[in-house]
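Before any comments, here is the structure.
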Amino acid sequence: MSIELTVGNFGSAEVFYDNSVEQGIDCDISLPDYCPDIVRVLKCSLQNSITDSKISGDRATVDGSSKIRIIYSDEHNRIFCYEQEYPFSKYAELPSPYDNAVLNAQVKTDYVNCRAVSKRRIDIHGVVSIRFRICGRRCDSFISDACGGGVQLKRKGFDVSDAVACEMKIFQLSEVESIGEHKPGVGKILKVCASPIVMESKLIKGKILIKGELAVKVLYCADDADNESCTADFSLPFNEIIESENVSDECTLDVCVNVRQISADQKTDNEGEFRYINLNAELAASVNAYCTKSIRVITDAYSTETEIDAQYKPTEFASLGQNIKDDCMIKESLDLSSLDPQRIYSASAEKPECKCSFGDGKMRITGKIPVDLIIIDSQGMPIFCEREANIDYSHSVDALTDSSFCEPRVEITGFECNLGSDGKADFKAELNISAAVMNTHREKIATSLKADETAEKKKRNPSLTVYFCTGTENVWDIARRFNTTVEDIMQENNLKADYLENKTMLLIPVK
């Protein structure tokens with residue numbers, strides 16, 4: 001006696017491995033002859049880049065570099081910048097090889113500090129974290145139907161978001177941009193920030209089309225005698241095609257673009273003046289494609305004719321609840337009064353780290369934007385300080401559940417910071433927010449149903465049993481107890497529903 005099974009499958013976007021390793025940044029920098037002496041170090045920072053990342057068997061490797069940038073002032077309170085590259089290479093031993101998976105590596109500065117040993121030498125100590133995040137498509141199978149051997153099935157149907165593709169593409173952008181006619185020439189680059197914005201994504205069978213722009217803000221020292229700071233804003237458009245044979249027009253896309261590298265270098269015009277900036281960037285586009293799929297799983301099974309060996313497994317099913325894309329503006333008053341500020345020399349905003357919570361039918365994103373400022377006090381002295389601007393954003397979400405989750409992506413597309421008359425700075429930032437809200441639920445589903453050939457067949461003597469239902473019972477549980485079928489009980493008792501809310505008497509047929 002055999003039981004014939006019908007098996008289905010569904011895919012889910014899975015994070016197979018997510019771990020970070022530390023890389024120490026320790027070096028001694030000696031200023032070249034063309035740099036003035038250091039009187040005061042204002043800011044030491046690291047700009048991290050990834051040059052290569054790969055998975056080979058059970059090992060993942062990330063190569064990159066940290067650009068050490070020292071901003072300091074000389075004896076005349078003029079501000080200068082010196083930078084130096086610090087290359088690194090790190091690997092992670094993986095629990096197992098991950099076939100057809102992608103490595104989305106990220107580098108973050110944990111801390112960095114410096115000490116001026118002399119007017120010409122600086123000791124640098126810092127740590128960066130290299131995150132190895134390996135993602136891919138996991139395919140799970142389930143039993144959708146079974147017949148033969150008197151098998152009885154308890155089924156449950158629902159919709160899932162079938163992850164049909166998890167892809168990543170690395171691409172480069174390169175442009176030479178003019179700073180404009182009315183700005184002073186470019187001396188030394190103090191800071192470069194880049195925020196990728198996905199404006200549109202399309203699906204044509206076998207192809208994913210992504211359109212967007214990279215918003216770049218460059219902060220630099222002017223090359224004139226005043227040595228003032230200036231900003232230049234640029235927009236680098238991109239259009240990329242990712243090949244994926246499993247996607248179709250019915251799929252929904254979750255697209256994320258990260259900056260792996262960004263650099264800005266001054267470039268001369270025809271007259272030899274530094275009025276151009278050469279921008280080079282490397283981006284990684286990660287895409288998950290989902291198709292809505294209706295499935296029916298088996299949550300319980302027994303046989304009226306024989307003993308069966310049934311195996312069950314708790315399984316998590318996910319569905320894409322809502323794909324949110326929005327822009328918002330935040331404003332914050334930054335208190336600088338204790339520093340006796342006369343003007344702001346420069347301001348920069350770092351990429352925020354945010355967290356997400358749900359409640360009252362809304363998704364709430366909170367976080368802080370680190371704001372770095374160099375101010376000039378009433379004595380003409382440059383002073384570096386750090387402040388934070390709060391993010392508190394909410395958005396209504398359809399069909400919110402207790403198991404909803406998302407990893408929000410918040411990009412700064414523009415900002416400004418102006419000093420007021422009360423010693424406070426008015427900070428404004430434009431944010432681009434994207435969040436794929438996923439809903440999950442767990443079910444115990446049958447993964448194997450086999451007739452037990454060694455067990456004796458169940459004897460089913462024809463009978464009619466009287467059963468007094470206590471209320472709040474399922475017909476399925478009663479049929480399983482008496483080794484009969486749900487259909488026989490409902491037909492014998494003219495039942496319209498398989499859930500009994502009230503006390504009643506049932507006739508249980510056993511044929």
Side-chain angles (χ1 to χ4, degrees), residues 10 12-15 18 133 135 156-163 195-201 212 251-258 286-295 297 299 314-335 349-371 387-415 426-444 472 499 501:
F10 69 96
S12 57
E14 182 82 1
V15 178
D18 192 352
R133 183 180 171 91
C135 306
K156 186 172 184 178
F158 45 84
D159 291 340
V160 298
S161 291
D162 183 16
S195 299
I197 311 300
V198 177
M199 297 183 293
E200 186 180 4
S201 57
C251 292
T252 302
L253 298 177
D254 178 24
V255 182
C256 174
V257 179
N258 292 318
S286 302
V287 182
N288 292 336
Y290 300 95
C291 285
T292 301
K293 185 176 186 178
S294 297
I295 65 173
V297 298
T299 59
T315 304
E316 188 171 87
F317 298 89
S319 61
L320 180 60
Q322 196 168 342
N323 211 350
I324 297 171
K325 297 183 184 299
D326 197 9
D327 297 300
C328 73
M329 172 82 73
I330 69 163
K331 299 178 181 179
E332 187 84 21
S333 179
L334 308 177
D335 189 0
E350 302 291 334
K351 182 179 175 67
E353 291 188 4
C354 297
K355 60 182 180 179
C356 183
S357 60
F358 297 92
D360 299 327
K362 292 184 177 182
M363 174 191 71
R364 184 184 180 193
I365 296 174
T366 56
K368 295 182 182 297
I369 300 175
V371 182
R387 296 294 186 268
E388 290 180 329
N390 293 307
I391 298 174
D392 195 343
Y393 167 87
S394 62
H395 194 286
S396 297
V397 179
D398 300 331
L400 195 62
T401 68
D402 292 338
S403 61
S404 297
F405 74 94
C406 78
E407 295 184 8
R409 298 181 286 273
V410 180
E411 299 287 350
I412 302 174
T413 58
F415 68 88
D426 295 324
F427 177 80
K428 299 179 183 179
E430 299 172 357
L431 305 181
N432 178 262
I433 295 173
S434 58
V437 180
M438 304 295 294
N439 299 322
T440 64
H441 73 276
R442 294 177 69 86
E443 291 286 348
K444 187 187 75 170
T472 65
Y499 182 73
E501 295 183 353

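Not measured: the values here are computed from a predicted model. Numbers here are sequence positions counted from 1. Computed over heavy atoms, backbone and side chain alike; hydrogens, waters and symmetry mates excluded.
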Checklist entry - How far does NZ of K362 sit from CG of L400, to the nearest 0.5 angstrom? => result 12.0 Å
Checklist entry - Out of curiosity, Q322 CD to T252 OG1, how far, rounded to the nearest 0.5 Å? => result 12.0 Å
Checklist entry - Is the closest side-chain heavy-atom distance between L320 and M438 below 4.5 Å? => result yes
Checklist outcome for this item: In terms of heavy-atom contacts, Y290 and A13 come closest through OH-CB, 3.6 Å
Next on the checklist: Minimum heavy-atom separation for C354 and I365, please, with both atom names.
Outcome noted: CB-CG2, 3.7 Å
Checklist entry - If we only count heavy atoms from C-beta on, is the I412 to L431 side-chain gap below 4.5 Å? => result yes
Checklist entry - Can you check whether V160 reaches S319 side chain to side chain, under 4.5 Å on heavy atoms? => result no
Checklist entry - Can you name the nearest heavy-atom pair linking F358 to F405, along with the distance? => result CE1-CA, 3.6 Å
Item to check | Donor-acceptor pair, side chain of R409 and main chain of V255, under 3.5 angstrom | outcome: yes
Item to check | Closest contact, heavy atoms only, P352 versus P370 | outcome: CA-CD, 4.5 Å
Next on the checklist: Any non-hydrogen side-chain atom of V397 less than 4.5 Å from a side-chain atom of I324?
Outcome noted: yes
Item to check | Side-chain touch R364/D392, heavy atoms, less than 4.5 angstrom | outcome: yes
Checklist entry - Can you tell if the side chain of V198 reaches within under 4.5 Å of the side chain of S434, non-hydrogen atoms only? => result no
Checklist entry - Between K351 (side chain) and V410 (backbone), is there a donor-acceptor pair under 3.5 Å? => result yes
Item to check | Non-hydrogen side-chain atoms of E443 and T315 separated by less than 4.5 Å | outcome: no
Next on the checklist: Are the side chains of H441 and F158 in contact, using a 4.5 Å heavy-atom criterion?
Outcome noted: yes
Next on the checklist: Apply side-chain contact (heavy atoms from CB on, under 4.5 Å) to residues V297 and F317 and explain how you reach the verdict.
Outcome noted: CA-CA 11 Å; V297 298; F317 298 89; 4.1 Å; yes
N/O donor-acceptor pairs under 3.5 Å from side chains in residues 326-334, not counting sequence neighbours:
unit_1 : atom_1 : unit_2 : atom_2 : d
D326   : OD2    : Y393   : OH     : 2.7
D327   : OD1    : N432   : ND2    : 2.9
E332   : OE1    : N390   : N      : 3.4

Next on the checklist: Looking at E316, I'd like to know if its CD atom is crowded, meaning that more than 12 non-hydrogen atoms belonging to other residues, nucleotides or ligands lie closer than 6.0 Å.
Outcome noted: yes
Item to check | Contact summary for P408 and K355, nearest pair of heavy atoms | outcome: CG-C, 4.5 Å
Checklist entry - Taking all atoms of both residues into account, what is the closest heavy-atom pair of I369 and E350, and its distance? => result CG2-O, 3.6 Å
Item to check | Check: E411 side chain, S195 main-chain N or O, donor-acceptor pair, under 3.5 Å | outcome: no
Checklist entry - To the nearest 0.5 Å, how far apart are NZ in K156 and CD1 in I295? => result 11.0 Å
Item to check | The single option from C406, S404, S161 passing side chain to side chain contact (heavy atoms under 4.5 Å, CB included) against N439 | outcome: S404
Checklist entry - Can you check whether V15's main-chain N or O pairs, donor with acceptor, with R133's side chain at less than 3.5 Å? => result no
